Amino acid sequence: MTHAQLPAHGAEPADSARLADEIAAMYDEAVRPAALLGEFRRTAMLVPLDEAGGLWSVEMHGIRWICGFTDMAALARFAVARGIGEDEEWEYRSILGARLLDVVVPAVGAPAGVALDIADERPVMFPPVRGIVPDDVALDAPKNRFSIESVEKEAAAP
């Protein structure tokens, strides 16, 4: 685990520049969805830890959003917005975007996605849909583990 002194000033993950370019393209209405998702998957995200040591997340409209940040400055802006003092430390982990989508999201046990740089002017959401997360946790997949049929089947099991 790593601690950040806030506001944190440090080196960005080495591969975040390409992701930043894809995010800028999205906001300039020149989005390339496959390129944006690909760069996210290849980039290490900084994910703060909550008081219990879990990954910081928020729930909104029945979806758990794991909060990730592209660099230390974005993480620091979020921390300040959350009321964490500039002289306080905040633990975080560096996790590849692919691991967040393919391993962490399914482990949540409820509909989940990733919210990237949510304290910034250009946030990006990676929702729990096919092509972004595994089909068994994608809300638009016909047989996902959160569908009414799946829930009823699980409840009827001995």
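Treat the numbers as computed from the prediction; the structure is a model and nothing was measured.
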Looking at [Y], is its backbone amide N or carbonyl O close enough to the side chain of [X] to form a donor-acceptor pair, meaning the two atoms are under 3.5 Å apart?
| X | Y | result |
| --- | --- | --- |
| Asp50 | Ala52 | yes |
| Asn144 | Phe146 | yes |
| Tyr27 | Pro123 | yes |
| Asp140 | Arg130 | yes |
| Arg42 | Leu19 | no |

*Are Val129 and Val103 grouped together when hydrophobic residues (ILVMFWY) are joined by side-chain heavy atoms under 4.5 angstrom apart?*
no
*asked:* As a quick check of understanding, evaluate side chain to side chain donor-acceptor pair (under 3.5 Å) for Thr70 and Asp117, giving each step before the final call.
replied: CA-CA 7 Å; Thr70 53; Asp117 291 345; 2.8 Å; yes
Shortest non-hydrogen contact from [X] to [Y]?
| X | Y | value |
| --- | --- | --- |
| Val58 | Cys67 | CG2-SG, 4.4 Å |
| Met125 | Ala115 | SD-CB, 3.7 Å |
| Gly109 | Arg145 | CA-NH1, 4.5 Å |
| Ala141 | Asp135 | CB-O, 3.3 Å |

For the residue pair [X] and [Y], establish whether any side-chain heavy-atom pair is separated by less than 4.5 Å.
| X | Y | answer |
| --- | --- | --- |
| Ile23 | Leu36 | yes |
| Leu37 | Leu101 | yes |
| Leu116 | Phe126 | yes |
| Met45 | Leu100 | yes |
| Leu46 | Ile95 | no |
| Trp90 | Leu75 | yes |
| Pro127 | Ile132 | yes |
| Arg64 | Pro128 | no |

*asked:* Please report the interatomic distance CD(Glu59) to OG(Ser57), rounded to the nearest 0.5 Å.
replied: 8.5 Å
*Does CZ belonging to Arg122 count more than 12 external heavy atoms closer than 6.0 Å?*
yes
*Would you please test Arg77 and Phe69 for side chain to side chain contact (heavy atoms under 4.5 Å, CB included) and show each step?*
CA-CA 10 Å; Arg77 284 188 294 275; Phe69 300 90; over 6 Å; no
_Intermediate values then yes/no, side chain to side chain contact (heavy atoms under 4.5 Å, CB included), Arg93 and Leu49_ = CA-CA 7 Å; Arg93 293 199 179 182; Leu49 302 182; 4.0 Å; yes
*asked:* For Asp136 and Lys143: C-alpha separation, side-chain torsions, deciding distance, then whether salt bridge (Lys or Arg N to Asp or Glu O under 4.0 Å) applies.
replied: CA-CA 7 Å; Asp136 71 323; Lys143 294 186 178 184; over 6 Å; no
*Apply side chain to side chain contact (heavy atoms under 4.5 Å, CB included) to the pair Leu139 and Val133, showing each step before the final yes or no.*
CA-CA 9 Å; Leu139 296 179; Val133 299; over 6 Å; no
*Are Trp56 and Phe78 close enough, and set up right, to give a side chain to side chain contact (heavy atoms under 4.5 Å, CB included), and what steps lead you there?*
CA-CA 11 Å; Trp56 187 276; Phe78 177 72; 3.3 Å; yes
